[in-house]
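Just so you know, ligand 1 is whichever comes first in the structure, and atom 1 is the first atom listed for that ligand.
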Amino acid sequence: MMTIDSLLRKVKTYSSKADLVQIKRAYDFAKKAHEGQKRFSGEPVINHCLAVASALADWKLDTTSILAGLLHDVVEDTNVSLEKLEKEFSHEVALLVEGVTNVGEIKLRGEKKEEFVENLRKMLLVMAKDLRVILIKLADRYHNMQTLQFLPKEKQLRIARETLEVYAPLSERLGIGEMKGKLEDLAFPYVYPKDYQWLKELAEPYYYEAEVYIQEAVKQIEKKLAAEKIKAEIYGRAKHFYSLWTKLLRPEIDKDIEKVHDLMALRIIVKTVRDCYAALGIVHKLWKPVPHEGVRDFIAQPKPNGYRSIHTTVFGPAGKIFEIQIRTRQMHEEAENGIAAHWYMAMLKVKSKLSSKDIDKGEFFAPSEKLAWVRQLVIWQKEIVDSHEFLRALKFDALAHRIFVFSPKGDVYDLPLGATPVDFAYAVHTDVGDQTMGAKVNGKMVKLDYHLKSGDMVEVIKSKRAKPSHDWLNFVVTTMARRKIAKHFNR
Ligand code: MN
């Protein structure tokens, strides 16, 4: 269990002494405010505040965030006002707590579909004003999910569903892959109880077998790396349960668990990027890469959420297929603790304040292209008055699963699942979209309604005389393409 001392110890690893005094003061303040209040679990509320602050400290967030994490429930659940918080702490702390309180009041699952859209829109707007609000809200949701079994039945399902539909995808988009997996696994048994039971019984022996196998593989690769004088931390990592389930549902897997090769992955963490490639060479000398699955180099081509690593699928000991992930310590920390947080904090250091003008212009993140989707949402919600179109934009573009495809020059494009060469063309440029005549994927001609897959290299064949076709609207999935095609016909 979390205590104020363990929280302070955590913060101390990256923060100054003066900050610790502040944090202790916020803890005392929150403890007094929540005096006598208990959670459904019977625990005092202050334990929840500590758990939230501690997750924020794991992400190495600034003191203002930690303070707001400790104080995030006082305005909602006690008679402390925002003005009081501002006076006792700071304007910024009060703003963050206000943001978290506002988001908390929005129940996404209303009776009607329109309500859901409206609420989602409200929530994203509040959160987009300061990324730290999202992070505090995620930490809050994470602890609430861990204690969900104590809640009344009817609340459990609503909260678990909201977690699966909104918070898990959000954490993925923010580059906190670990949090995404944890949230999904916590929500899974509540939202799909029967499938959860089915999978549990099916998968248990396979996980067991994979673990024994990976331990053997760790031993073998450890020796080889040591012989080449590469310092590395090597361990096995089990695939998250929910992610296994969604994989089993894919048509090419068709619920056959034998076809899943990443039940357990082997992770190699080394010091430098150079060591990553050296380790890759040593791995391939020991175990041959599987043709067609091969190597995915997210160091040379990071995913749009910033994720970096090298993935390779190999024939391991006894010819069994498994996945290996190679990365540096820094890449590892970023992936575990939030790439977005990392950028955001770096930006805050450069620029101490964000004006609402910056937000309106959509310029509220440092390397703005990296979190372009949040910016896009804010811009869209201004442009799009019709809530159905907004929901479509949101579901298909921002929160749906994504694929990553490449241009012939090697630029990465982040598109929703089901995207076609036409979606790709419009993502590259309006003119490219409008002049699309045909497309090649991995060197072969495909139809324009072809469903792209992650890793595909897409080449658009253009002609100055080509024009958009009306039936493209029947298969494109991105809002961008849809709007551009519609615009062409309105002209
Ligand atoms: Mn809370």
Between [Y] and [X], is there a salt bridge with N-O shorter than 4.0 Å?
| X | Y | value |
| --- | --- | --- |
| R132 | D62 | yes |
| K32 | D28 | no |
| R327 | E333 | no |

For the Mn ion (ligand 1): protein N/O/S atoms at distances below 2.8 Å: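 That number is 4, waters not included.
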
Within 6.0 angstrom of K247 NZ, more than 12 heavy atoms from elsewhere: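 Correct, the count exceeds 12.
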
Heavy-atom donor-acceptor pair, R308 side chain to H332 backbone, under 3.5 Å: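 Pair absent, no side-chain N/O of R308 close to backbone of H332.
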
Aromatic contact, Y196 with F241 (centres under 6.0 Å):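 So the answer is yes for these two rings.
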
